[in-house]
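Protein chains get the first letters and strands the later ones, always in sequence-line order, with residue 1 at the start of each. Nothing here was measured: the structure is a model prediction, and the numbers come from that model.
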There are 2 protein chains.
Amino acid sequence: MKNATDKKPDLSAQIAQAIRDAIVEGRMIVDERLPSEAELAEQFDVSRPTVREALKRLAAQSLIRTQRGAFGGAFVNRLSYEEAYGQQITTSTLLLSMNAVSFETACEARYALERACAPLAATRRTPDHLATMRAEIHRQSQPGLSDESFCASDVAFHRALVDAADNPVLSYQLAGAVEAMQPLMNMITFTARSRGEIVGIHTRIADALEAHQAARVDEALRALEAYTLILGQNVMAERARKTP
Amino acid sequence: MKNATDKKPDLSAQIAQAIRDAIVEGRMIVDERLPSEAELAEQFDVSRPTVREALKRLAAQSLIRTQRGAFGGAFVNRLSYEEAYGQQITTSTLLLSMNAVSFETACEARYALERACAPLAATRRTPDHLATMRAEIHRQSQPGLSDESFCASDVAFHRALVDAADNPVLSYQLAGAVEAMQPLMNMITFTARSRGEIVGIHTRIADALEAHQAARVDEALRALEAYTLILGQNVMAERARKTP
DNA sequence: GACCTTTAATTGTCTGACATTCATAGATCA
DNA sequence: TGATCTATGAATGTCAGACAATTAAAGGTC
């Protein structure tokens with residue numbers, strides 16, 4: 001009889017897990033070179049293609065990087081914030097698109113997290129952050145802008161807000177929440193009127209940050225959440241009407 | 001001359017990216033079967049091992065699952081919250097351990113995010129959540145508990161707090177932040193006195209949630225952050241003293 | 001001393017084969 | 001008929017061996 005403990009994952013998965021454990025538990029340190037594929041094959045008593053499949057699994061998680069040529073090989077990779085962002089964003093985006101997460105739920109999560117940054121951002125924002133935000137606000141006011149570009153600019157604005165909190169861990173966590181919303185936001189058709197409304201709130205946020213007034217930032221974010229929610233619900237209602 | 005646009009990633013990486021795009025952009029839907037490895041090899045004009053390496057990359061990100069036997073193959077996987085948690089946690093943990101993130105930064109991020117859940121949790125907490133939290137508080141009060149078990153219980157308590165916000169997207173995002181802190185927390189030796197202090201604050205949090213008082217939850221979380229920070233700094237100071 | 005060439009190690013890729021798994025279809029038997 | 005057993009074939013999993021491409025370092029040439 002087969003029970004749950006009988007599970008026999010692929011050899012390549014087992015080997016990947018063994019190496020992953022070694023890395024996570026600190027038995028292999030950053031930039032340390034793994035044995036060559038041939039050596040690993042011998043150690044684990046499998047063929048080279050199997051080892052390679054294991055290494056590709058790890059490479060997909062940015063746990064290792066490989067280098068060809070003499071003195072090349074696979075090295076434990078220092079997971080950079082950039083790489084982590086990327087992973088975070090694809091995972092979050094797929095999670096949202098595949099699990100029928102409602103617009104309301106995603107919106108609520110995103111703005112709750114963003115408000116968590118507000119007090120820190122109000123304290124630590126630099127002129128640089130403010131300049132970025134003002135520039136994005138200006139772009140958002142251009143009349144000829146496509147909906148897609150408007151959304152992209154919106155994301156850039158909010159990333160600047162998050163980055164203003166000057167906490168890389170927060171930025172990393174928030175990247176997923178903000179970017180994953182984009183596909184949902186892209187479904188919205190922004191009228192001139194709604195764009196004006198959003199630009200207005202963005203300006204309030206930038207002003208409040210400039211004045212170091214955390215409470216006003218919080219307030220503006222709540223207004224933006226409420227307004228975004230209405231826009232999203234209109235889209236959903238429209239959709240439901242078309243495909244009953 | 002080679003410039004940045006000349007980059008030629010591995011064939012397996014290219015193929016993985018092509019399939020990943022198809023999934024992310026919705027051209028392949030959940031549970032849809034990919035062509036067989038032999039067919040993919042023909043389509044992309046590469047050998048089967050190369051295709052397999054690409055598929056393993058995708059499997060490592062939980063984007064596909066494979067099934068052996070007749071009518072088996074690779075299928076687009078519905079990314080579950082469980083799988084996403086797992087990825088999130090390993091990535092966050094590695095990010096923190098590999099990038100010399102200070103205790104202060106990690107702590108600040110974690111509690112900022114957790115406070116973001118507080119208002120929602122205060123509104124939506126169920127008796128179930130409260131029961132879990134009380135149970136963990138009780139466990140934390142046991143005298144014989146090891147530091148590791150105390151930490152594990154601490155994590156369980158905070159997960160219950162996060163889950164009480166009843167927003168799966170928030171839970172997912174927070175899982176990384178809370179769990180990734182554990183290796184850092186594990187370095188702390190909890191004295192009977194500090195445990196008592198923490199249990200006290202946990203009790204305040206549970207009480208405030210029970211009374212639906214968001215402001216008091218927020219306040220208790222701030223107290224907990226301040227206290228955790230002190231404990232962490234003591235550890236760091238001790239360490240610095242030992243290895244000057 | 002600067003530049004070129006060889007060399008060896010290592011990853012990337014291909015070919016072909018065999019092992020293993022498993023749903024279905026067909027064969028067997030009560 | 002109906003149930004059970006047994007091929008069958010399609011697919012993934014694994015292996016072995018080979019060659020191509022890349023690259024750092026050693027050695028040779030001017």
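- Between the side chains of B/T93 and B/T90, no donor-acceptor pair is found at a separation under 3.5 Å.
- Here D/dA16 presents its C1' atom at 14 Å from CG of A/D45, a figure rounded to the nearest Å.
- Comment: A/R57 does not engage A/E53 in a salt bridge, judged by the lack of any side-chain N to carboxylate O separation of less than 4.0 angstrom.
- A salt bridge does not link A/R110 to A/E225: none of the charged nitrogens lies less than 4.0 Å from a carboxylate oxygen.
- Interface residues of residues 60-75 of chain A facing DNA chain D, ordered by number: A/R68, A/G69, A/A70; criterion, heavy-atom separation under 4.0 Å.
- Going from atom CD of B/E53 over to atom P of C/dT11 covers 12 Å, rounded to whole Å.
- With hydrogens and angles ignored, no donor-acceptor pair closer than 3.5 Å exists between the side chain of B/R48 and the base of C/dT13.
- Legend: salt bridge (charged side-chain N to carboxylate O under 4.0 Å, His left out) pairs involving residues 60-70 of chain B, not counting sequence neighbours, sorted by first then second residue: B/D31-B/R65.
- Whole-Å rounding puts the B/E42 CD to C/dT15 C1' distance at 15 Å.
- In terms of phosphate contacts, B/R52 brings a side-chain nitrogen or oxygen within less than 4.0 Å of OP1 or OP2 of D/dG13.
- The closest side-chain heavy-atom distance from A/V30 to A/N77 is not below 4.5 Å.
- More than 12 heavy atoms of other shown residues, nucleotides or ligands fall within 6.0 angstrom of atom CD in B/E104.
- For B/S12 and C/dG12, the shortest distance from a side-chain N or O to OP1 or OP2 is not below 4.0 Å.
- Separating the CD atom of A/Q14 from the C1' atom of D/dG13 is a distance of 12 Å, rounded to the nearest angstrom.
- Per the geometry, CG belonging to B/L55 stands 15 Å off C1' belonging to D/dT14, to the nearest Å.
- Relative ring orientation between A/Y85 and A/Y172 is described as parallel, the plane-to-plane angle staying below 30° on a 0-90° scale split at 30° and 60°.
- With D/dG13, C/dT11, D/dA11 as the choices, the nucleotide that has an atom nearest any side-chain atom of A/D10 turns out to be D/dG13.
- One interatomic measurement links the two molecules: CG of B/L11 to C1' of D/dT22, which rounds to 15 Å at whole-angstrom precision.
- Taking the nucleotide of DNA chain D with the nearest heavy atom to each of A/P49 and B/E37, the more 5' of the two is matched to B/E37.
- Between A/L40 atom CG and D/dC15 atom P there is a gap of 14 Å when expressed in whole angstrom units.
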